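Working notes, beginning with the structure itself.
The structure displayed is predicted, hence computed values, not measured ones. For this chain, numbers begin at 1 and follow the sequence in order.
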Amino acid sequence: MATSARSTALTCGACEKRYDAESWPRLDLVERLEPHEVRRFATIWPEGLCVEVRRCARCSQSIAAKRPAPLR
């Protein structure tokens with residue numbers, strides 16, 4: 001995954017384009033794994049944290065990052 005939820009910048013592993021916290025949500029959302037879904041693979045996972053996969057605007061590769069889960 002690209003970074004932790006506390007970090008302010010995310011970097012594409014393919015082309016090294018950096019995205020700050022403001023630009024991250026503007027990238028196309030590919031998939032979001034909610035906390036209960038991640039727990040199928042990770043036995044210990046915080047309730048308020050999801051995994052978002054977004055598409056890099058430069059090279060179109062997927063970037064996965066731990067992010068705060070959306071409020072319901």
Inset, instruction - Examine distances only and state if a side-chain atom of Arg67 and a backbone atom of Val51 form a donor-acceptor pair shorter than 3.5 Å. - result: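 Not at all, since once roles are kept as given, no pair shorter than 3.5 Å links the two residues.
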Inset, instruction - Could you tell me whether the side chain of Tyr19 and the main chain of Pro25 form a donor-acceptor pair under 3.5 Å? - result: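 Pair absent, no side-chain N/O of Tyr19 close to backbone of Pro25.
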Nearest 0.5 Å, what's the [atom1]-[atom2] distance between [X] and [Y]?
X: Glu52; Y: Leu27; atom1: CD; atom2: CG; answer: 10.0 Å
X: Cys50; Y: His36; atom1: SG; atom2: NE2; answer: 11.5 Å
X: Arg54; Y: Cys12; atom1: CZ; atom2: SG; answer: 14.5 Å
X: Glu16; Y: Cys59; atom1: CD; atom2: SG; answer: 10.5 Å

Inset, instruction - Check the pair Ile63, Trp24 against side-chain contact (heavy atoms from CB on, under 4.5 Å), reporting the backbone distance first and the verdict last. - result: CA-CA 10 Å; Ile63 307 167; Trp24 174 257; 3.8 Å; yes
Where is the tightest heavy-atom contact between [X] and [Y], given as atom of each residue plus distance?
X: Leu49; Y: Pro35; value: O-CG, 3.2 Å
X: Arg32; Y: Glu37; value: O-OE1, 3.7 Å
X: Glu34; Y: Ala69; value: OE1-CB, 4.3 Å

Inset, instruction - Flag the pair Arg55 / Ser62 as yes when at least one side-chain heavy-atom distance between them is below 4.5 Å, and no otherwise. - result: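 Arg55 vs Ser62: side chains touch.
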Inset, instruction - Any chance you could lay out the side-chain contact (heavy atoms from CB on, under 4.5 Å) test for Trp45 and Lys66, step after step, and finish with the verdict? - result: CA-CA 11 Å; Trp45 189 263; Lys66 297 175 188 174; 4.0 Å; yes
Legend entry - Under-4.0 Å salt bridge between Arg39 and Glu47: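 Yes.
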